[in-house]
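Here's the structure, in structure tokens; my notes come after.
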Amino acid sequence: MTVNISENIAKEEIFIDISDTGKGIPRLNFESVFQPGFTTRKRGWGLGLSLTKRMVRYHQGQIFVKESEIGKGTTFRIILKSNLKYEATQI
């Protein structure tokens with residue numbers, strides 16, 4: 001798993017990309033992976049991503065599947081508001 005954090009200063013946003021090298025998610029399931037009870041595993045409750053989405057939304061953020069390729073892995077993106085304020089410089 002890798003985590004990459006970047007920012008869009010002009011939009012005052014922080015991007016957190018979390019990537020894995022798992023089996024990937026079919027595009028058809030990009031939205032349903034966040035539903036409680038959704039799982040592709042034989043064990044587990046399917047609550048992890050739904051709880052994550054609730055926590056991110058509580059902080060006025062977004063989470064979504066940025067990209068996924070079957071057999072190669074998935075990248076989720078979290079967008080949160082930054083407390084850094086953009087101020088254009090005068091030349």
Side-chain angles (χ1 to χ4, degrees):
M1 175 172 32
T2 60
V3 177
N4 183 39
I5 301 172
S6 58
E7 61 185 327
N8 182 332
I9 296 172
K11 289 188 175 182
E12 299 173 353
E13 293 176 332
I14 303 286
F15 300 141
I16 305 168
D17 292 340
I18 301 113
S19 303
D20 67 25
T21 55
K23 60 183 179 178
I25 301 169
R27 184 167 292 281
L28 176 69
N29 293 338
F30 276 18
E31 287 298 318
S32 52
V33 296
F34 296 103
Q35 299 300 316
F38 182 90
T39 185
T40 59
R41 298 177 182 190
K42 292 180 182 178
R43 297 177 50 168
W45 291 63
L47 296 176
L49 285 172
S50 66
L51 288 173
T52 301
K53 186 169 187 163
R54 287 184 68 168
M55 287 185 277
V56 169
R57 290 176 77 186
Y58 177 81
H59 292 285
Q60 287 79 49
Q62 302 172 49
I63 183 171
F64 55 90
V65 179
K66 181 181 176 191
E67 59 187 12
S68 187
E69 188 175 342
I70 302 300
K72 299 236 175 167
T74 301
T75 299
F76 290 91
R77 173 163 278 183
I78 298 172
I79 302 175
L80 297 171
K81 281 298 200 184
S82 173
N83 63 357
L84 301 173
K85 298 297 176 195
Y86 173 73
E87 295 179 25
T89 57
Q90 299 294 324
I91 299 178

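No hydrogens, no waters, no symmetry mates; every other heavy atom, side chains included, goes into these values.
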Mind listing the side-chain donor-acceptor pairs of residues 44-56 below 3.5 Å, one per line with the distance, residues two or more places apart or on another chain?
from	atom 1	to	atom 2	distance (Å)
S50	OG	L47	O	3.0
T52	OG1	G48	O	2.8

Going by side-chain heavy atoms closer than 4.5 Å, which hydrophobic residues are tied to I79, directly or by a chain of links?
-> F15, F64

Residues at least two apart in sequence or cross-chain that pass side chain to side chain contact (heavy atoms under 4.5 Å, CB included) with S19, listed by chain then number, are T2, T75

Set of side chain to side chain contact (heavy atoms under 4.5 Å, CB included) partners for I5, sequence neighbours left out | V3, I14, I16

For K11, does the NZ atom sit with more than 12 other heavy atoms under 6.0 Å from it, leaving out its own atoms?
-> no

Check T74 against S68 and note the closest heavy-atom contact, atom names and distance.
-> OG1-OG, 2.8 Å

Minimal heavy-atom distance between V33 and F76, with the atoms involved, is CG2-CE2, 4.4 Å

Going by the salt bridge (charged side-chain N to carboxylate O under 4.0 Å, His left out) test, which pairs reach into residues 67-76, not counting sequence neighbours?
-> none

Which residue pairs pass the salt bridge (charged side-chain N to carboxylate O under 4.0 Å, His left out) test with at least one member in residues 17-34, sequence neighbours excluded?
-> D17-K66, D17-R77

Applying side chain to side chain donor-acceptor pair (under 3.5 Å) to T39 and not counting sequence neighbours gives none

For the atom pair CD (E13) and CD (E7), what is the distance rounded to the nearest 0.5 Å?
-> 11.0 Å

